[in-house]
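In this chain, residues are counted from 1 in sequence order.
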Amino acid sequence: MRDFIKNTSALVLAIIAVHLVYQGYIRPEAAQVLEASRLAGTSAPRDLVVILKDWEQEICLILMFWGVFLIGSKCISIVKSGYLYKVDLLEGNSEGEEMDLATTVDRIEELPDKIKSTPLIQTLISSIRRYLITDDVQNTSDAIETSVDALAVRQEAENSMIRYLIWAIPSIGFIGTVRGIGQALSQADQALAGDISGMTNSLGVAFNSTLVALIISIFLMFLLHQLQRLQDGQIIETQAYCEKFLLNRISK
């Protein structure tokens with residue numbers, strides 16, 4: 001629930017910030033540039049404000065900032081929890097005795113919720129509890145593998161919204177393309193009469209929206225791949241940690 005509120009707040013903030021920039025600078029500046037080119041009898045220039053002026057580009061930018069927030073928050077969370085893999089959380093259980101492990105579980109569960117909710121701590125707790133119940137190393141190893149697999153599935157599910165954004169942004173750009181081409185076709189009579197400014201401006205809408213959407217999509221896809229690299233590393237480190245500090249002790 002806390003993550004939902006945080007993500008929703010980030011989306012609302014992105015909408016407000018981008019819309020204010022559009023209303024306060026981009027659209028007024030683009031209107032001046034287009035009016036100057038019309039009076040000069042030239043086609044619309046390829047200024048940045050002209051490329052970004054339409055509502056499709058505005059929506060794409062909003063989704064881009066939201067996507068960057070979603071990816072960035074996950075990356076920061078993984079990086080912050082990295083120090084746990086360098087600490088022996090089971091220190092003092094060199095004999096692997098049940099009472100020691102039970103005490104360790106109690107000690108781990110007293111950690112702050114932010115630490116206790118990390119994948120490593122969750123995997124350790126479930127694995128130690130499995131060993132305390134079954135007193136079997138193989139069952140404990142299976143518990144570790146199950147927890148790691150569940151972590152991979154959960155990470156993939158949490159990335160679904162980011163994948164949707166990367167798919168939706170080019171689709172919104174294509175909507176701008178269809179809208180611009182439709183406007184251009186509706187001005188064919190003016191073009192045949194010798195005035196092609198309206199048609200060229202409409203075609204500019206079509207191509208600008210696709211250009212912006214594709215650039216944003218490529219950028220977000222790059223960030224998503226970096227996030228997946230960190231997540232894969234977290235899965236590998238979690239399994240290696242449990243094998244080194246837990247399985248090696250209880251198997252002696």
Side-chain angles (χ1 to χ4, degrees), residues 1-27 29-30 46-82 114 117-120 122 148-180 204-238:
M1 186 63 183
R2 184 172 59 186
D3 289 341
F4 175 78
I5 295 175
K6 181 176 67 174
N7 295 339
T8 303
S9 300
L11 176 59
V12 173
L13 182 62
I15 292 173
I16 294 173
V18 172
H19 187 66
L20 287 176
V21 172
Y22 262 77
Q23 292 299 105
Y25 175 73
I26 292 180
R27 288 199 174 99
E29 188 71 16
R46 300 292 295 169
D47 290 0
L48 182 62
V49 290
V50 175
I51 294 175
L52 296 177
K53 67 180 177 61
D54 298 297
W55 66 266
E56 290 90 356
Q57 289 90 307
E58 180 180 356
I59 294 176
C60 288
L61 286 173
I62 291 172
L63 296 181
M64 181 194 73
F65 286 117
W66 191 38
V68 168
F69 170 81
L70 294 177
I71 296 173
S73 61
K74 293 179 184 298
C75 290
I76 292 173
S77 177
I78 293 174
V79 172
K80 280 186 175 181
S81 64
K114 189 173 289 188
S117 62
T118 59
L120 175 60
Q122 291 295 315
V148 169
D149 291 341
L151 171 61
V153 172
R154 187 171 74 247
Q155 288 177 341
E156 186 67 21
E158 290 175 350
N159 291 342
S160 60
M161 177 55 72
I162 301 172
R163 295 184 184 278
Y164 173 77
L165 293 180
I166 295 175
W167 170 85
I169 288 172
S171 299
I172 294 171
F174 185 68
I175 291 174
T177 300
V178 174
R179 184 171 70 91
V205 171
F207 295 120
N208 290 339
S209 61
T210 301
L211 173 66
V212 172
L214 290 178
I215 291 175
I216 291 175
S217 179
I218 292 171
F219 173 65
L220 286 181
M221 183 59 75
F222 170 77
L223 294 182
L224 176 59
H225 280 293
Q226 299 308 306
L227 171 61
Q228 289 178 326
R229 182 177 61 83
L230 288 176
Q231 289 176 335
D232 292 341
Q234 185 183 47
I235 292 173
I236 295 172
E237 288 182 350
T238 298

Quiz item: Any side-chain heavy-atom pair from F69 and N7 closer than 4.5 angstrom?
Solution: yes

Quiz item: Less than 4.5 Å apart, any side-chain heavy atom of Q226 and any of C75?
Solution: no

Quiz prompt | Atom pair CE/CG of M64 and L223 - distance to nearest 0.5 Å | solution = 9.5 Å

Quiz item: Do Y164 and W167 make the cut of ring centroids closer than 6.0 angstrom?
Solution: yes

Quiz item: Any side-chain heavy atom of V153 within less than 4.5 Å of one from E156?
Solution: no

Quiz item: Where is the tightest heavy-atom contact between P119 and R154, given as atom of each residue plus distance?
Solution: CG-NH2, 4.1 Å

Exercise. Would you check if K80 and K114 make a side-chain contact, meaning some heavy-atom pair closer than 4.5 Å?
Key: no

Quiz prompt | Minimum heavy-atom distance between S81 and Q234, given as atom pair plus value | solution = OG-NE2, 3.7 Å

Exercise. Kindly say whether I5 contributes a backbone atom to a donor-acceptor pair with the side chain of T8 at under 3.5 angstrom?
Key: no

Exercise. Rounded to the nearest 0.5 Å, what's the gap from CG on N159 to CG on L165? Could you check?
Key: 11.0 Å

Practice problem: For A213 and C60, work out which heavy atoms get closest and say how close. | Solution: CB-SG, 4.0 Å

Quiz prompt | Nearest-0.5 Å distance, CG of residue L211 to CD1 of residue I216 | solution = 9.5 Å

Quiz item: Donor-acceptor pair, Y22 side chain versus L52 backbone, under 3.5 Å?
Solution: yes

Quiz item: So, do Q155 and I235 sit near enough that their side-chain heavy atoms are less than 4.5 Å apart?
Solution: yes

Quiz item: Is the closest side-chain heavy-atom distance between F219 and V68 below 4.5 Å?
Solution: yes

Exercise. Might you work through the side-chain contact (heavy atoms from CB on, under 4.5 Å) test for I162 and L227, ending with a clear yes or no?
Key: CA-CA 11 Å; I162 301 172; L227 171 61; 4.0 Å; yes

Practice problem: Answer yes or no: is there a side-chain heavy-atom contact under 4.5 Å between L220 and L63? | Solution: no

Quiz item: Can you tell if the side chain of I26 reaches within under 4.5 Å of the side chain of Q57, non-hydrogen atoms only?
Solution: no

Practice problem: Considering non-hydrogen atoms only, spot the tightest contact between K53 and R27 and give its length. | Solution: O-NE, 3.1 Å

Practice problem: For side-chain contact (heavy atoms from CB on, under 4.5 Å), just list the numbers for I59 and I169, CA-CA rounded to whole Å, side-chain angles, deciding distance to a tenth of an Å, and then say yes or no. | Solution: CA-CA 8 Å; I59 294 176; I169 288 172; over 6 Å; no

